[in-house]
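Below: one structure in structure tokens.
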Amino acid sequence: MEHQIAFFDTKPYDKFWFERVEHQGIKFKYFENKLNQDTARLAKGCSGAVAFVNDNIDTATVDELSNQGVKVLAMRCAGYNNIDFKEAYNKEIAVLRVPSYSPNAVAEYAMALLLTINRKVHKAYNRTRDYNFTLSGLTGFDLKGKTVGVIGTGRIGREFIDICRGFKMNVIAYDVYPAKDSDINYVDLETLFKESHIISLHCPLTKETHHIINNDSIAKLRQGVVIINTSRGAIIESEALLRGLKEKKIGGAGLDVYEEESNLFFEDFSQEIINDDVLSLLVSMPNVVVTSHQAFLTNEALKNIADTTVENIRAFFSDGELDNEICYQCETGEIGTDCKKRKNGRCFSGK
Ligand code: NAD
């Protein structure tokens with residue numbers, strides 16, 4: 001039996017990798033539209049849907065997917081903060097994800113942002129294209145010996161720590177669940193804020209991490225601190241960041257994610273006026289580099305995403321356990337006696 005799967009927010013690089021793995025009972029219908037409550041009806045006749053980080057999978061979207069007969073929502077990403085997964089659970093739509101596809105891709109990119117901001121490669125590039133070979137204003141600092149504070153020491157945070165150690169930096173870290181048996185030097189958040197020359201964010205976006213970088217925390221930071229965010233935009237309160245940059249408390253920021261990115265990132269607005277003053281100001285600053293959620297974008301990561309997403313969908317339509325399923329009850333700790341994921345390894349039957 002062939003399963004039709006609606007594939008939302010398709011970009012050419014997605015199609016390139018997914019077309020290589022869609023066989024043996026899975027046929028994708030590619031749509032360029034982002035998934036939201038209006039576009040969900042495109043999934044008519046599909047038993048599954050594939051979505052990405054900036055799709056708006058709220059209650060209404062989940063309901064519409066369910067009306068169209070969708071039984072499985074396969075996220076081609078790790079994060080799932082954009083899904084009402086309680087509603088998905090109520091509608092018996094299994095939510096699957098790709099928990100890890102290339103943590104080093106994101107960690108390497110975080111270092112690329114740090115090196116760019118610190119050594120002003122973005123400015124030098126523009127100058128030499130204009131045959132301006134001067135060096136004034138391009139002075140950086142040695143990373144060796146500087147303290148980097150890593151918030152979140154999961155897969156990506158740990159890769160980033162290893163990279164920083166290669167640069168002979170002093171690494172301190174904060175995590176609500178410190179890694180056991182690791183040689184990571186964990187400190188409390190206050191100490192991390194106070195001591196770090198550089199802060200790199202690698203925790204997920206949750207109620208606890210939302211706006212963890214805000215006016216109060218910025219007041220505690222070292223003068224001239226560089227902030228790198230490759231995690232999720234809303235971990236930083238953008239207006240507070242802007243203020244910290246204007247007041248020169250923050251010496252630079254490398255942002256691969258932005259709080260209000262969902263209607264902008266991944267699209268071309270080069271011929272339009274952007275109606276987001278905070279973003280416009282951030283982009284205009286010489287010590288800020290904003291990129292469009294591209295930290296994951298390597299061939300290896302895209303291949304892993306395609307492979308795992310298809311494996312996830314296949315597993316759903318077979319009887320197997322679903323290792324990559326997000327169970328509403330397990331995730332929230334609201335584990336009822338009826339939690340099938342705990343008992344059977346999956347929330348709902350794929351049949
Ligand atoms: P992970 O689950 O392996 O690690 C996350 C870590 O954060 C865990 O150790 C967890 O204990 C910790 N954490 C949770 N709540 C915390 C809190 N309140 N304070 C401090 N630490 C906390 O995840 P990962 O694979 O390392 O990915 C991290 C994040 O990177 C993802 O959640 C996602 O938002 C982001 N990401 C971005 C891109 C990109 O292209 N920019 C790509 C992949 C992932």
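Read the numbers this way: they start at 1 and go in the same order the structure lists the ligands and their atoms. Because the structure is predicted, anything quoted here is derived from the model rather than measured.
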With a cut-off of 4.0 Å, which atoms of ligand 1 are near a heavy atom of Phe296? 40 (O)
Which of the atoms in ligand 1, numbered in the order shown and given with their element, are less than 4.0 Å from a heavy-atom of Ala295? 39 (C), 40 (O), 41 (N)
Is there a donor-acceptor contact under 3.5 Å from the side chain of Thr128 to the main chain of Tyr131? no
Do NZ/NE/NH1/NH2 and the carboxylate oxygens of Glu247 and Arg243 come within less than 4.0 Å? yes
Which protein non-hydrogen atom lies closest to atom 23 (O) of ligand 1, naming both residue and atom, and how far is it? Arg155 NH2, 4.3 Å
Below 4.0 angstrom from a heavy atom of Tyr177, which ligand 1 atoms are there? Numbered from 1 as shown, please. 11 (O)
In the hydrophobic clustering that connects Ile, Leu, Val, Met, Phe, Trp and Tyr at side-chain heavy-atom distances below 4.5 Å, which members other than Val121 occupy its cluster, ordered by chain and number? none
Does Tyr101, backbone or side chain, put an N or O under 3.5 Å from an N or O of ligand 1? no
For Ala301, does its backbone N or O pair with a side-chain atom of Thr298 as donor and acceptor, under 3.5 Å? yes
The protein heavy atom nearest to atom 33 (C) of ligand 1 is Arg232 NH1, 3.6 Å
Asp84 with Lys86: basic N within carboxylate O range, under 4.0 Å: no
Regarding atom 15 (N) of ligand 1: of the candidates Ile212, Val176, Val98, Thr230, which has the closest heavy atom? Val176
May I ask you to identify the nearest protein heavy atom to atom 28 (C) of ligand 1, giving residue, atom name and distance to one decimal place in Å? His202 O, 3.3 Å
Pull out every atom of ligand 1 sitting under 4.0 Å from any heavy atom of Tyr174, numbered as shown with elements. 19 (N), 20 (C)
So is Val106 polar-close to ligand 1, meaning N/O to N/O under 3.5 Å? no
Flag for Glu19-Tyr30: side-chain donor and acceptor within less than 3.5 Å: no
Ligand 1 contact by Thr206, heavy-atom criterion under 4.0 angstrom: no
Identify the protein heavy atom lying closest to atom 4 (O) of ligand 1, giving its residue, its atom name and the separation to 0.1 Å. Gly154 CA, 3.1 Å
Hey, is CZ on Arg222 packed in by over 12 heavy atoms from elsewhere, all under 6.0 Å? yes
Output a table of donor-acceptor pairs, distance under 3.5 Å, between side-chain atoms of residues 133-148 and any protein atom two or more places apart or on a different chain; print 'none' if there are none.
{"from": "Thr134", "atom 1": "OG1", "to": "Arg127", "atom 2": "NH1", "distance (Å)": "3.3"}
{"from": "Thr134", "atom 1": "OG1", "to": "Asn132", "atom 2": "OD1", "distance (Å)": "2.7"}
{"from": "Lys146", "atom 1": "NZ", "to": "Asp142", "atom 2": "O", "distance (Å)": "3.1"}
{"from": "Thr147", "atom 1": "OG1", "to": "Asn170", "atom 2": "ND2", "distance (Å)": "2.8"}

Please determine if Lys303 and Asp307 form a salt bridge, counting it only when a charged side-chain N lies under 4.0 Å from a carboxylate O. yes
Could you pull out, from Gly233, Gly79, Pro204, the option with a heavy atom nearest to atom 13 (N) of ligand 1? Pro204
Does the distance from a Lys or Arg side-chain N to an Asp or Glu carboxylate O, for Lys340 and Glu325, drop under 4.0 Å? no
Heteroatom distance test (Ile156, ligand 1): nitrogen or oxygen, under 3.5 angstrom: yes
At a 4.0 Å threshold, what atoms of ligand 1 neighbour a non-hydrogen atom of Cys203? 7 (O), 21 (N), 22 (C)
Is any side-chain N of the basic residue among Glu190 and Lys220 closer than 4.0 Å to the acidic one's carboxylate O? yes
Honestly, for Asp256 the part within reach of ligand 1 (heavy atoms, under 4.0 Å) is side chain
Regarding ligand 1, does Glu208 bring an N or O atom to under 3.5 Å of one of the ligand's N or O atoms? no
Could you name the option among Ala78, Ser231, Ser102 that has the heavy atom nearest to atom 29 (C) of ligand 1? Ser231
Measure from the ring center of Phe7 to the ring center of Phe52 and say whether it is less than 6.0 Å. no
Candidates Asp175, Val257, Thr209; heavy atom nearest atom 9 (O) of ligand 1 found on Asp175
